Q: 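Sending over a structure as structure tokens; questions will come in a sec.
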Amino acid sequence: MKLEHVALQVPDALAMGRWYAEHLGLTFKVNSTEKPFGQFLLDESGTVLLELYSFEDVPTPDYSSADPRVVHLAWLSDDLAADVDRLVAAGATVHAAPATIANGDEIAMLRDPWGICLQLVKRAQPFF
């Protein structure tokens, strides 16, 4: 078995898809312009998909009030400070400033413009 994608019910899949493509480097695999606007976005490795959709008959979670430990999307970063500054300039907000944790990883927690938590991480010992 291989994980194909993770899906999120979001308030504006079209706008979020564009923001994630522009600011997080994802590319569109599927870019539906018909409701519920299914957006399949591929990471630069070509192996991880994120699906965003906006179903009218499904409640959208209040991501902005969720603790980042409940749900977050983690992004590898080579330069946390620069990526934090770049994403904040694009509309993200800082939830937790960059810090080094006990195992040596550098981590920052942001929220995208829709409140979804984005973890930026520079691993001391990369997994891949």
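The first residue of the sequence shown is numbered 1, and numbering continues consecutively from there. Excluded from the calculations below are hydrogen atoms, water molecules and symmetry mates; all remaining heavy atoms, backbone and side chain alike, are included. Bear in mind that the values here come from a model prediction, so they are computed numbers and not experimental data.
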Q: Considering all heavy atoms of both residues, which atom of M109 and which atom of P68 are nearest to each other, and what is their separation?
A: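 Nearest pair, atom of M109 first, then P68: CE-CB, 3.3 Å.
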Q: Check whether any side-chain heavy atom of K2 lies under 4.5 Å from a side-chain heavy atom of T47, and answer yes or no.
A: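 They are in side-chain contact.
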Q: Atom CG of N31 and atom CZ of F40: how far apart are they, to the nearest 0.5 Å?
A: 12.0 Å
Q: Run the numbers on R123 and V121 for side chain to side chain contact (heavy atoms under 4.5 Å, CB included), then give the verdict.
A: CA-CA 6 Å; R123 299 273 180 216; V121 61; 3.7 Å; yes
Q: Would you kindly confirm whether Y63 and Y53 end up in one hydrophobic cluster when ILVMFWY residues are joined by side chain heavy atoms under 4.5 Å apart?
A: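 No, because Y63 and Y53 fall into different hydrophobic clusters, even though each may have its own neighbours under 4.5 Å.
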Q: Within the structure provided, determine whether V88 and R86 are in side-chain contact (heavy-atom separation under 4.5 Å).
A: no
Q: Please determine, by modelled atom types, if D62 and S64 share a side-chain donor-acceptor pair under 3.5 angstrom.
A: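 Present: a donor and an acceptor within the cut-off.
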Q: Starting at CG of L118, measure out to NE2 of H72 and round the result to the nearest 0.5 Å.
A: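 Answer for the CG-NE2 pair, L118 versus H72, is 10.0 Å.
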Q: Any side-chain heavy atom of L41 within less than 4.5 Å of one from T27?
A: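 L41 does not reach T27 side chain to side chain.
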Q: Might you point out which heavy atoms bring G91 and P113 nearest each other, and give the distance in Å?
A: O-CG, 3.6 Å
Q: So do the side chains of Q39 and E51 get within less than 4.5 Å of each other, counting heavy atoms only?
A: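 Side-chain contact under 4.5 Å: no.
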Q: When clusters are formed by joining ILVMFWY residues with side-chain heavy atoms under 4.5 Å apart, either directly or through shared neighbours, do I116 and V71 land in the same one?
A: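 Linked within one cluster.
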Q: Quick check: does any side chain N or O of D83 sit under 3.5 Å from a backbone N or O of S77, one acting as donor and the other as acceptor?
A: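 Not confirmed, D83 side chain does not pair with S77 backbone.
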Q: Ring-plane angle category for H23 and W19, please: parallel below 30°, perpendicular beyond 60°, tilted otherwise.
A: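 Plane angle between 30° and 60°, so tilted.
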Q: Linking I/L/V/M/F/W/Y whenever their side-chain heavy atoms sit closer than 4.5 Å, directly or via other members, would L26 and F28 fall into one cluster?
A: yes
Q: Stepwise, does the side chain to side chain contact (heavy atoms under 4.5 Å, CB included) test hold for V84 with V94?
A: CA-CA 8 Å; V84 167; V94 175; 4.0 Å; yes
Q: Please check if the side chain of Q119 supplies one atom and the backbone of C117 the other of a donor-acceptor pair under 3.5 Å.
A: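 It does not hold such a pair.
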Q: Does S54 use its side chain to pair, donor to acceptor, with the backbone of V10 at less than 3.5 Å?
A: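 Yes; judged by distance alone, with no hydrogens or angles, the pair exists.
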Q: What closest approach, in Å, do P36 and A13 show between heavy atoms, and which atom pair accounts for it?
A: O-CB, 4.4 Å
Q: Are any of the side-chain heavy atoms of L120 and I107 separated by less than 4.5 Å?
A: no
Q: Quick check against the 3.5 Å criterion: does E106 have a side-chain atom that pairs as donor or acceptor with the backbone of L80?
A: no
Q: With side chains defined as the heavy atoms from C-beta onward, is the minimum distance between K29 and L49 less than 4.5 Å?
A: yes
Q: I'd like to know if the side chain of K122 reaches the main chain of D78, judged simply by a donor and an acceptor atom lying under 3.5 Å from each other, with no hydrogens or angles considered.
A: yes
Q: Mind checking the CG-CD spacing from L76 to E44? Nearest 0.5 Å is all I need.
A: 8.5 Å
Q: Among the clusters formed by ILVMFWY side chains lying less than 4.5 Å apart, do L50 and W114 turn up in the same one?
A: yes
Q: Taking the side chain from Q9 and the backbone from F55, do they hold a donor-acceptor pair closer than 3.5 Å?
A: yes
Q: Looking at every non-hydrogen atom in both residues, tell me the closest pair between P126 and A124 and how far apart they are.
A: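 The answer is CD-O, 3.7 Å.
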Q: For residues L73 and L52: do they belong to one hydrophobic cluster (side chain heavy atoms under 4.5 Å, members Ile, Leu, Val, Met, Phe, Trp, Tyr)?
A: yes
Q: Could you report the tightest heavy-atom contact between M16 and P11, atom names first, then the distance?
A: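 Answer, listing the atom of M16 first, then P11: SD-CD, 4.2 Å.
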Q: Ignoring hydrogens and angles, state whether a donor on the side chain of D112 or Y20 is under 3.5 Å from an acceptor on the partner side chain.
A: yes
